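Model, not experiment: these values are computed from the prediction. Chain A is the first sequence line, chain B the second, and so forth, proteins listed ahead of strands; every chain is numbered from 1.
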Amino acid sequence: MGVLGKVSHVEHDNVRPADHAPLILSSVRAGVITSPRESVFDIAIPCDYNLSSIVNGGVTMNLRLETRDALAELNPQQRQAVQIEHGPVLVLAGPGSGKTRVLTHRVGFLVHESGVAPWSLMAVTFTNKAAREMKERLTSVTSADGWDGLLTARQLQSLMLGTFHSICARILRREIEALPGWDRNFVIYDAGDQLSLMRQALRDLNLDAKRYRPAAIHSIISNAKNELIGPGTFQARTYTEEIAARVYLRYQSLLRENNALDFDDLLMKTVELFRERDDLLSAYQDRYLHVLVDEFQDTNMSQYELVKLLVGKHRNLFAVADEDQSIYSWRGADYRNVLRFRDDFPEHHLVLLEQNYRSTTTILEAAKYIIRKNPHRVDKNLFTQRGDGVKVEVAEAYDEQDEARFVVSEIARLEAGSKVLPSHCAVMYRTNAQSRVLEEEFIRRGMKYRLVRGTRFYERKEVKDAIAYLRLIYNPHDSVSMLRVINTPARGIGAQTIAALEHWAFKLEVSISDALLKLQAEANGQGLPIPSPFGARARQALLRYADLLQTLIAARDQLTLPELFDLTLARSGYRDFVRDGTREGDDRWENLLELRGVTQEYASLDASESLSLFLEQVALVSDVDGLTEDQRGPALLTLHAAKGLEFPVVFIVGLDEGLLPHMRSMDDLDAMEEERRLCYVGMTRAMDRLYLLHTFRRTIHGANELSVSSRFLADLPANLIAGQPSSASGRDTQRATLASRSAPSKGARPVTGWARGSGDVTPPPSNAPRFQVGDTVVHTKFGEGVVITSNITDDDQEVEVAFPDQGIKRLSANFAPMQKKGEG
DNA sequence: GGACAAGTATTTTTT
DNA sequence: ATACTTGTCC
């Protein structure tokens, strides 16, 4: 069973290339001609025996069938998950266990073996990247033998595959008018727009944005939406929530007035729609017979509810989850949805994917030591057949600069010695702020690197401005876009004028764009109930702006999207505004050309439709294909951004208390568990080599402070580790600092002498160190101990001393009552 | 309307 | 330290 067949040659008389209809096969359900060219047909046929003839409407064709058993590519656990034909399935998948493979093969299985039409399948991911990856893996050539993927391009197209948000947007685009007061031409507000609108809402309520941070209020409202709590039912429990409750009402009515939905609304409104309209729900339930959800542990309440509604009739929900990789609870993700799944679908099949195809045994074992300390989890028995590999390197750097030097030197060393490509290395950290020091070091050493994250393309000011113009043309009631561009470039409409305009529009009970129309009417001699309040100069400026908008809106349905784009930038003066002759101006213009390139993909579409689709894509996709960084250097990224990726060599830096685990998680057990998962996610990205770095001291918010190494390091057993044991582990073995390892001939040299080779070796300090690494010292209070690290500062020497009974202490040579054994 | 000073807050950020 | 916002002055 499970054979995917491909027919390369067909001998036939009566079949024309236009025969795209499914072929009716003897004893087999269906196959589809996929790419007819001349007399050669590619046909994907589900089949488990050799077939010599097929019948198409009574016509028999002779063909040669080559077969491939797609299921043979799976391990028993994976195969089990793929093959379940009906009912809910929960797949608990460890890192690197091939869950994308299971998802894609299941889609293939359902289509080819179960005879489910591709358009009856919905596959949901969290990121565009994951969706893209699934698409690629469904169709791309999978091996050198020339096999096509699991689906034909045509089948893939009919599949509902996308992020929660994009799927909801598609549904709402069709159905939202079933909810009173909404219009199918809604725009989608991204994070920045949402914040602007939040500020507007605060201002409308005379609340001080200083006192009530828009981001904080927004986060409360967002959380409420994710739990499907509407503005009317929101129950405040604290003073801030009291404020948030009031803002929520205003914020939501602003969205309505602007005919806009924010990200959370996309989910919430879809749930609302299905809850209120049984008929629609039923239709969608029958349309999507199978729903597959990736990263199920990351679903929030509204996503869970949505999925539950959709599969309510047929109960064919296939969810892949790893509770140990749940790292987005602060965004409303709730891994307990996995538990809810088990309660709500008691008849479910449970499949565990425990074989890891990514990491060495050493790395996987080390990661398991970290994660197993979390209570309340189903312990998976992860294993790998990759062999032991090398030990995990744990090392202490003097400070974050030293840490960066270690990373860069080690990457260079691996490249020279082990022929490891720098692009196969990744450096991961807890906070984005940590990237700067690393970048500086890469630059100093003249090495390329890729900063994963960057300012995202669609978040660049010029791109947002251009999009705001287009959005305004699409939906003139969009006040966020209106306020964004009304005076960009400057056209004499200042804050005073804008405030007066808003106020006037408010009194007229119309949107700003309608107010501009009224102003034009007034200028043409028409009387108004409330005359406009502007001085001559402001009026002039506003009228010119109104004319601009009118011109552009009139052009909307006449031009192709790239033409409209060009016209907009030219007429608005934005083009000249950006191209100001500076270097930065050229860069910004480059970005706009890049954006124009995106509009070109929509050039052939109907004018009215193209703008809508383009704006949707822009709102829901945060990066542009092909625009991603070049692949040459090592990747620098946050631990969050690392999820779903893998690298042969991984460095995790900043394993210091306060950073990882982060300070903010210290007094919250749940948050601390999430920090642990975050560490686990980072470690399990590594295929061959894993480095865990911490520092002796570190600059935090400008202040230089002694570090305490992460509690996570203390959870690693000695047999998996190379390099020093961590100080948190309490072992007082001789420690090799990074510096002494880099320059073994000068084992006792202070750590600061990290730079190798080049001439910038730190000169020996004039105040000669009193203690050397390895010295035995006597402390009046702690007794005898061994110096294990040493660092010379401007006017002092800092040492760490291992006392057999007291553990490791950090001491100042000047002040500590301590001296070398045998002296004094 | 733009430049500068002062004040403030600094985790992560799939959409 | 630093980046970012807001307020004030020309």
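Between A:Asp465 and A:Arg588, none of the side-chain N atoms (NZ, or NE/NH1/NH2) sits under 4.0 Å from a carboxylate O, so this pair counts as no salt bridge. A salt bridge links A:Glu440 with A:Arg436: the distance from a Lys NZ or Arg NE/NH1/NH2 to an Asp or Glu carboxylate oxygen falls below 4.0 Å. The pair A:Lys373-A:Glu673 does not meet the salt-bridge criterion, since no charged nitrogen lies less than 4.0 angstrom from a carboxylate oxygen.
Between the CZ atom of A:Arg132 and the C1' atom of B:dT15 there is a distance of 14 Å, rounded to whole Å. The separation between A:Lys643 atom NZ and B:dT11 atom C1' is 16 Å, rounded to whole Å. The CE atom of A:Met672 sits 15 Å away from the C1' atom of B:dT12 (whole-angstrom rounding). Between the CZ atom of A:Arg203 and the C1' atom of C:dT6 there is a distance of 14 Å, rounded to whole Å. When the C1' atom of C:dT5 is taken as reference, atom CZ of A:Arg199 falls 8 Å away, rounded to whole Å. Counting to the nearest Å, the C1' atom of B:dT15 and the CZ atom of A:Phe263 are 4 Å from each other. With rounding to whole Å, A:Trp330 atom CH2 is found 12 Å from B:dT15 atom P. Put simply, CD on A:Glu439 is 15 Å from C1' on C:dT2, counting in whole angstrom units.
Between the C1' atoms of C:dT5 and B:dT12, the separation comes to 22 Å (whole Å).
Nearest nucleotide to the side chain of A:Ala490, out of B:dG2, B:dT12, B:dT15: B:dG2. Residue A:Arg436 has its side chain nearest to C:dT2 when only B:dT15, C:dT2, B:dT11 are considered. When the nucleotides B:dT12, B:dT15, B:dG1 are ranked by their closest atom to the side chain of A:Asn487, B:dG1 comes out on top. Picking from B:dT11, C:dT2, B:dT15 the nucleotide with the shortest atom distance to the side chain of A:Thr127 gives B:dT15. Listed nucleotides B:dT10, B:dT13, B:dT12 differ in distance to A:Arg664; the shortest reach to its side chain belongs to B:dT10.
Nucleotides of DNA chain B nearest to A:Arg430 and A:Gly494 differ in position, and the one nearer the 5' end is that of A:Gly494.
For B:dT15, its base sits under 3.5 Å from the side chain of A:Arg331 at one donor and acceptor pair at least.
A close approach under 4.0 Å does occur between a side-chain nitrogen or oxygen of A:Asn432 and OP1 or OP2 of B:dT13.
Aromatic stacking of A:His640 on B:dT13: not satisfied for centres closer than 5.5 Å together with planes under 30 degrees. Applying the 5.5 angstrom centroid cut-off and the 30 degree plane-angle cut-off, the aromatic ring of A:His662 is stacked upon the base of B:dT11.
Contact record, A:Lys225 with A:Asp265: NZ-OD1, 2.8 Å, taken as the closest heavy-atom pair.
Taking the six-membered ring for Trp and the full ring otherwise, the centers of A:Tyr248 and A:Tyr251 sit at least 6.0 Å from each other.
Judged by the 6.0 Å distance and 45° axis criteria, A:Arg173 is positioned over the aromatic ring of A:Phe186.
No engagement by A:Leu660 is indicated, since no non-hydrogen atom pair under 4.0 Å with the nucleic acid exists. Residue A:Tyr328 is classed as a base contact, given a heavy-atom separation below 4.0 Å to a base.
Among residues two or more places apart in sequence or in another chain, the side chain to side chain contact (heavy atoms under 4.5 Å, CB included) test is passed with A:Thr127 by A:Lys129, A:Ala130.
For residues 298-308 of chain A, proximity to DNA chain B is found at A:Asp298, defined as any non-hydrogen atom under 4.0 angstrom from a strand atom.
Residue A:Arg336 places its CZ atom among 12 or fewer non-hydrogen atoms of other residues, nucleotides or ligands, all under 6.0 Å distant.
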